[in-house]
Every structure is written in structure tokens, then in C-alpha cells.
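What follows is a single structure, written as C-alpha cells, with notes after it.
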Amino acid sequence: MSLLLILLLAVCLLLIGPLSICWGVYHWLIKRSRKAARLFLFLPITIYLIAGYFIYTAFYPTDEFYEKEFHQITSFPFPEDGRITDKDASYPDQHGDYSACARIEVPASVYQHILHEVATDTTLSRVTFAHDSTFISSGPFTAVAGSIEPALFAHSLSGGSSAMNAYRFIGFLADRKTIIIYRCSS
């Protein structure tokens, strides 16, 4: 209970402190120029909106984030016909380490092209869930692909290792249109 009160006090101080200062500056400005005072009102609103956007995207990354992850994992640009159907990522820790997973749907021809190109990548090796399941317990992977039976993965490739703090996984489902990408740096 006391932790909740401390958190509420901290939030109040973070919101009320800057707003009180802005209110004081506004009253000081209104005595000198009404126009300057009105323009000044947009400054704190703008700052709070920008900060809010960055905080929101830190917890809920945009599709662009996952498109960059796709490029990092596969070394290929995100397909123009691709569509991210499910996604999840952990919040970066104090060292910037995180894990991210996305389910991507592409046309069958793009699926085949990506599979062929990734299969020839020497930094990735074929894996099966039975032999390499270190990533399955990851929160983002479970949220995106936890309900998919391992037998539904037609091809699975990975690179790096969880021990080396850089793990990449790309799985191709048997439906010939769905690709699962996962990256973990811990």
C-alpha cells in the first residue's frame, strides 16, 4: 500500500510541479503581453504530448520498429506486400537489451523468395523446437507465437545464441504465407 502512495505522489509531483511553474510564468507574461502569454500556453502542452508519444512508443513500438527488426534478422528489407498481423516486444532494460517478436503475412511468392534467400544465409542454421527451445519461454514469443503448434513450422532458422546475447530466429509456417521473426538481445 505504501508503494502505491509513493508512486501516486511521484506522479503528482511530476505533473503538478512543471504545471505550477508554467502557471506562474503565464501569469507573469499576461501582465506584460497577452499574446505572448497565449503562445506560451502551447509550450507545456506540446512538451507533454511529445513526451507522451515517446513513452507510448517505448511500451508499444510501431510497425516501423518491427520492419527494422525484420531487416536485422533476415538482412533483407521488409516486403512491400508484407503485413504485420501480431507483434510484441519487451521494454528495453537499463542496458538497452530487449526481445521482440512479430507475425508477418506475405503472398506465397514472397514467402518462397524469402525462404530461399534466408536458407542460403550462412549465418543462420536450421533448428527445430525439440533441439533449440531457449527462446520459447520469452514473453514476446509466447504472446505472438505461443499458440502455434511446433509441428506447424515448416522451416525454422536461427543465428547467434542466447549465451552470446544476440539471438535471431525466423520461422516459416506450413500455410506458406506466415513468417515469425524473433530477436533477443539480453
Side-chain angles (χ1 to χ4, degrees), residues 7 11 49-186:
L7 286 173
V11 168
L49 287 175
I50 291 171
Y53 172 77
F54 285 118
I55 291 168
Y56 180 81
T57 57
F59 285 101
Y60 305 103
T62 61
D63 284 352
E64 184 179 312
F65 169 80
Y66 295 97
E67 290 171 6
K68 288 179 183 175
E69 289 297 313
F70 180 87
H71 179 70
Q72 285 183 339
I73 293 168
T74 64
S75 300
F76 301 107
F78 189 80
E80 290 181 19
D81 298 338
R83 185 174 60 91
I84 298 172
T85 58
D86 198 7
K87 58 190 175 183
D88 192 38
S90 64
Y91 187 76
D93 65 9
Q94 68 269 20
H95 304 292
D97 296 329
Y98 64 93
S99 58
C101 186
R103 183 184 305 188
I104 302 163
E105 285 190 7
V106 295
S109 60
V110 175
Y111 174 96
Q112 280 302 115
H113 175 72
I114 293 171
L115 175 60
H116 175 70
E117 293 296 323
V118 170
T120 60
D121 186 350
T122 58
T123 63
L124 295 172
S125 57
R126 291 194 182 273
V127 294
T128 60
F129 283 8
H131 296 95
D132 184 12
S133 62
T134 56
F135 60 92
I136 289 178
S137 63
S138 163
F141 187 85
T142 303
V144 172
S147 62
I148 300 172
E149 293 293 323
L152 295 178
F153 282 85
H155 304 280
S156 302
L157 298 109
S158 73
S161 71
S162 55
M164 297 295 291
N165 300 335
Y167 184 80
R168 307 179 293 151
F169 170 82
I170 182 165
F172 297 86
L173 297 187
D175 66 0
R176 305 182 70 78
K177 67 176 183 175
T178 307
I179 300 171
I180 306 289
I181 59 166
Y182 173 75
R183 180 178 181 272
C184 176
S185 63
S186 56

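Values reported hereafter were calculated over all heavy atoms of this structure, with side chains retained and with hydrogens, waters and symmetry mates removed. Remember, it's a predicted structure, so these values are computed and weren't measured experimentally.
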Checklist line | Of all pairs that satisfy side chain to side chain donor-acceptor pair (under 3.5 Å), the ones with a partner from residues 49-60, not counting sequence neighbours | finding: none

Distance from [X] atom [atom1] to [Y] atom [atom2], nearest 0.5 Å?
{"X": "I181", "Y": "E67", "atom1": "CD1", "atom2": "CD", "answer": "9.5 Å"}
{"X": "I170", "Y": "T74", "atom1": "CD1", "atom2": "OG1", "answer": "5.5 Å"}
{"X": "I180", "Y": "T85", "atom1": "CD1", "atom2": "OG1", "answer": "7.0 Å"}

Indicate yes or no: at least one non-hydrogen side-chain atom of [X] is less than 4.5 angstrom from one of [Y].
{"X": "F78", "Y": "K68", "answer": "no"}
{"X": "S156", "Y": "F172", "answer": "no"}
{"X": "F70", "Y": "P79", "answer": "yes"}

Any idea which heavy atoms bring [X] and [Y] closest together, and the distance?
{"X": "P77", "Y": "H71", "value": "N-ND1, 3.6 Å"}
{"X": "P140", "Y": "D88", "value": "CA-OD2, 3.2 Å"}
{"X": "L124", "Y": "G159", "value": "CD2-N, 3.5 Å"}
{"X": "Y182", "Y": "C101", "value": "CD1-CB, 3.8 Å"}
{"X": "P61", "Y": "K87", "value": "O-NZ, 3.9 Å"}
{"X": "Y66", "Y": "A100", "value": "CE2-CB, 4.2 Å"}

Margin query: For the aromatic rings, using the six-membered ring if either is Trp, is the centroid distance between F141 and Y167 under 6.0 Å?
Written below: no

Item checked: Pairing residues for F59 by the ring pair (Phe, Tyr, Trp, His ring centres under 6.0 Å) criterion, not counting sequence neighbours -> Y91

Between side-chain atoms of residues 102-117 and protein atoms elsewhere (two or more places apart, or another chain), which donor-acceptor pairs fall under 3.5 Å?
| residue | atom | partner | partner atom | Å |
| --- | --- | --- | --- | --- |
| R103 | NH2 | V144 | O | 2.5 |
| E105 | OE1 | R83 | NH2 | 3.1 |
| Y111 | OH | L173 | O | 2.6 |
| Q112 | OE1 | R176 | NH2 | 2.7 |

Next item on the list: Please confirm whether the backbone N or O of S99 pairs with a side-chain atom of S90, one donor and one acceptor, at under 3.5 Å?
Entry: yes

